[in-house]
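Nothing here was measured: the structure is a model prediction, and the numbers come from that model. Heavy-atom basis, side chains included; hydrogens, waters and symmetry copies ignored.
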Amino acid sequence: MPEILILAIGFSLSQVLLGLVILLRQGPRGVREWLYGLLMVAILGYLCMPLAQGTPLEMLAATIQTAAPGMFFLFSASVFDDDFRLRPWQAGIVALTVLMPLFGRLVGV
C-alpha cells in the first residue's frame, strides 16, 4: 500500500474519531446526534476496508461500510427537515442495504 494512502487514511480516521469523541462529550442526544454517530461508524468501516483486506475483520468492515449511503440519507434528512421523525420503513431500508450484501458474502455470491 502506498505511503500516501496510509497517511490519508490515518488523517481521515483521526478526524472521524475526533467527531465521535466530541459527540460523546455532549449531553443528551436526539435522533440527529444518533444518526450522525452511526454515519461516522459507517465511514470508519469504509476507511478501514483497505487496511482490513485479507484479515478476519474484512467482512466486518465491508458490512459496516454498506450502511454509509443510507445513514447519510437519514442524517441529511434529519438536518434539513425540521419535523423529521425516524420512521420504521426508513430504518428498514437502511437495514436492508446492510443485510443483503452481508447475506451475499455469507452464502458466497
- Item | Exercise: identify the closest heavy-atom pair between Thr97 and Pro101 | O-CD, 3.1 Å
- Query: Are Phe11 and Leu5 linked, directly or through other ILVMFWY residues, by side chains that come within less than 4.5 angstrom of each other?
  - Reply: no
- Query: Within the distance-only criterion (no hydrogens, no angle test), does the side chain of Arg87 pair as donor or acceptor with the backbone N or O of Arg85 below 3.5 angstrom?
  - Reply: yes
- Query: What are the two closest heavy atoms between Gly37 and Leu23, and how far apart are they?
  - Reply: CA-CD2, 3.6 Å
- Closest contact, heavy atoms only, Ala68 versus Leu39: O-CD1, 3.8 Å
- Taking every heavy atom of Ala67 against every heavy atom of Val98, the minimum-distance pair comes out as CB-CG2, 3.5 Å
- Side-chain heavy atoms under 4.5 angstrom apart, residues restricted to Ile, Leu, Val, Met, Phe, Trp, Tyr: same cluster for Tyr36 and Phe80? yes
- Message: Could you check whether atom CZ of Phe73 has more than 12 heavy atoms from other residues, nucleotides or ligands sitting under 6.0 Å from it?
- Response: no
- Distance (rounded to the nearest 0.5 Å) between Leu44 CG and Leu20 CG: 6.0 Å
- Atom CD1 in Ile9, atom SG in Cys48: separation rounded to 0.5 Å? 8.5 Å
- Task: Calculate, to the nearest 0.5 Å, the distance between atoms CZ and CH2 belonging to Phe75 and Trp34 respectively.
- Result: 14.5 Å
- Task: Grab the two heavy atoms, one from Arg29 and one from Leu24, that are nearest each other, plus how far apart they are.
- Result: NH2-O, 3.3 Å
- Determine yes or no for a side-chain-to-main-chain donor-acceptor pair under 3.5 angstrom, with Arg105 supplying the side chain and Thr63 the backbone. no
- Task: Count the heavy atoms belonging to other residues, nucleotides or ligands that lie under 6.0 Å from CD1 of Ile4, then report whether that count exceeds 12.
- Result: no
- Task: Drop me the distance from Glu58's CD to Met49's CE, to the nearest 0.5 angstrom.
- Result: 4.5 Å
- Query: At what distance, to the nearest 0.5 angstrom, does CD1 of Ile43 lie from CG of Leu17?
  - Reply: 11.5 Å
- Message: Just verifying a value: how many Å separate Leu47 CG and Met40 CE, rounded to the nearest 0.5 Å?
- Response: 9.5 Å
- Task: Spell out, as yes or no, whether a donor-acceptor pair under 3.5 Å connects the side chain of Gln15 to the backbone of Ser12.
- Result: no
- Shortest non-hydrogen contact from Leu35 to Met71? CD2-CE, 3.6 Å
- Item | Shared hydrophobic cluster, Val79 / Leu74 (ILVMFWY, side-chain heavy atoms < 4.5 Å) | yes
- Message: Could you check whether atom CD of Glu3 has more than 12 heavy atoms from other residues, nucleotides or ligands sitting under 6.0 Å from it?
- Response: no
- Item | Hphob cluster co-occupancy, Val16 + Phe72, side-chain heavy atoms under 4.5 angstrom | yes
